[in-house]
Student: 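Dumping the structure here so I can ask a few things about it.
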There are 2 protein chains.
Amino acid sequence: MAENDIFRALADPTRRAIFEKLAAGSMNASALRKGMEISQPAMSQHLSILRDAKLVRQERQGRFVNYEVDPEGLTLIVHWLAKYHTFWPSRIADLKVLLKEIDQ
Amino acid sequence: MAENDIFRALADPTRRAIFEKLAAGSMNASALRKGMEISQPAMSQHLSILRDAKLVRQERQGRFVNYEVDPEGLTLIVHWLAKYHTFWPSRIADLKVLLKEIDQ
DNA sequence: CGGTTGGATAAGTCTATGCTTATGTATTGA
DNA sequence: TCAATACATAAGCATAGACTTATCCAACCG
């Protein structure tokens, strides 16, 4: 189940850090490791889990594999969250207000 | 860390089911168990984890403990998600459109 | 070619986690 | 007051999951 894959993938802080890094700009696995104190196999395994959850996607470029954020995973979370929008504070019921909050 | 608690809490399908049930209407722990094939201690433990993640909150009512959705947890996810709004499909960048999708 | 580099995979280990049974603690109602 | 009910907590167990080391594969480069 896709929803399950997503929440499981995001349950690990290292994977959220990887995802956040990719959100700032796509890069390959080696570049991702820089400044992250994580072994090469561990990174590869995390990326595999993020990929299965459709949170990232890859594209082979010769010897390198470039990773980037996959919007599909995020869309699934947005939809999951939207099911409970009646509980959102009215302040952020307007997305424009929310995004303004974030940007500053 | 609150973010960590939330994603860990949601990583379990049983807890997401509990949360969804509470979103449809607050109730006590025994009522939650109905139709859920889950032991009383297991339910209590799940609720404890959801509470720590601020996804649900409780209110003792005599012998019963009423549980309900806590908007605070949802707000945290919304904010986490909003950090990546540049990756959302443009279709749902407008929340009104999104909510319309959900309602049907 | 043949070595080097980027990355995936396999197998084993250790810890986290979700369950169980047993028990504890309030609250209520007979 | 005392049994029953609602729930929490403790302790133990079994599986999942995050890491390790070792190895493999493929693409590049001298």
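The structure displayed is predicted, hence computed values, not measured ones. Each chain gets a letter, A, B and so on, in the order its sequence line appears, and its residues count up from 1.
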Student: Please report, rounded to the nearest Å, how far the C1' atom of dT20(D) is from the CD atom of E37(A).
Tutor: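 The distance from CD of E37(A) to C1' of dT20(D) comes to 15 Å, rounded to the nearest Å.
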Student: Are the side chains of L81(B) and W88(B) in touch, meaning some heavy atoms are under 4.5 Å apart?
Tutor: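 Answer yes - side chains close enough.
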Student: Quickly work out the N66(B) CG to dA8(D) C1' distance and round it to whole Å.
Tutor: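 For the pair N66(B) CG and dA8(D) C1', the rounded distance is 17 Å.
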Student: Return the set of residues passing side-chain hydrogen bond (donor to acceptor under 3.5 Å, both in side chains) with E68(B) (not counting sequence neighbours), or none when no residue passes.
Tutor: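 side-chain hydrogen bond (donor to acceptor under 3.5 Å, both in side chains) check on E68(B) returns R57(B).
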Student: Using a cut-off of less than 4.0 Å, is there contact between a side-chain N or O of Y67(B) and OP1 or OP2 of dA6(D)?
Tutor: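 No, no such contact exists.
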Student: Please list, for nucleotides 18-21 of chain C, all pairs of protein and nucleotide N/O atoms separated by less than 3.5 Å.
Tutor:
from    : atom 1 : to     : atom 2 : distance (Å)
dG18(C) : OP1    : R15(B) : NH2    : 3.3
dG18(C) : OP2    : R15(B) : NH1    : 3.0
dG18(C) : OP2    : R15(B) : NH2    : 3.1
dC19(C) : OP2    : H46(B) : NE2    : 2.3
dT20(C) : OP2    : S39(B) : OG     : 2.9
dT20(C) : O4     : Q45(B) : NE2    : 3.0

Student: Can you list everything that forms a side-chain hydrogen bond (donor to acceptor under 3.5 Å, both in side chains) with Q58(B)? Sequence neighbours excluded, please.
Tutor: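 In terms of side-chain hydrogen bond (donor to acceptor under 3.5 Å, both in side chains), with neighbours along the sequence ignored, Q58(B) is linked to Y67(B).
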Student: Taking donor-acceptor contacts at under 3.5 Å, does the side chain of Q40(B) reach the base of dA6(D)?
Tutor: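 Not at all, since no donor on one side and acceptor on the other fall under 3.5 Å apart.
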Student: List in chain and number order the residues that pass ring pair (Phe, Tyr, Trp, His ring centres under 6.0 Å) with Y84(B), two or more places apart in sequence or in another chain; answer none if no residue qualifies.
Tutor: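 Listed in chain order: F19(A), W80(B).
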Student: Atom CD of Q58(B) to atom P of dT9(D): distance rounded to whole Å?
Tutor: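 Value for this atom pair: 9 Å.
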Student: Taking atom P of dC7(D) as reference, at what distance in whole Å does atom CZ of R60(B) sit?
Tutor: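 Result: 8 Å.
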Student: In this structure, how many angstroms lie between the C1' atom of dC19(D) and the CG atom of L47(A), rounded?
Tutor: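 The distance from CG of L47(A) to C1' of dC19(D) comes to 15 Å, rounded to the nearest Å.
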Student: Please check if any side-chain donor atom of R60(A) sits under 3.5 Å from a side-chain acceptor atom of N66(A), or the reverse.
Tutor: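 No, N66(A) and R60(A) have no side-chain donor paired with an acceptor closer than 3.5 Å.
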Student: Whole Å only: how far is the CG atom of N4(B) from the P atom of dA16(C)?
Tutor: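 Rounded to whole Å, this separation is 13 Å.
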Student: Taking only heavy atoms on the protein side, list every residue of residues 21-34 of chain B lying under 4.0 Å from any atom of DNA chain D, sorted numerically.
Tutor: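 Residues of residues 21-34 of chain B that come under 4.0 Å of DNA chain D are, in numerical order, N28(B), A29(B), S30(B).
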Student: Go nucleotide by nucleotide along DNA chain D from the 5' end; which of R63(A) and S44(B) gets its closest nucleotide reached first?
Tutor: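 Closer to the 5' end of DNA chain D: S44(B).
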Student: Would you find a donor on one side and an acceptor on the other, under 3.5 Å apart, between the side chain of K21(A) and the backbone of L32(A)?
Tutor: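 Indeed, once roles are kept as given, a pair shorter than 3.5 Å links the two residues.
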Student: How long is the line joining CD of Q61(A) and P of dA27(D), in whole Å?
Tutor: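 After rounding, the gap between these two atoms is 14 Å.
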Student: Could I get the full list of side-chain contact (heavy atoms from CB on, under 4.5 Å) partners for S48(B), not counting sequence neighbours?
Tutor: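 R51(B), D52(B).
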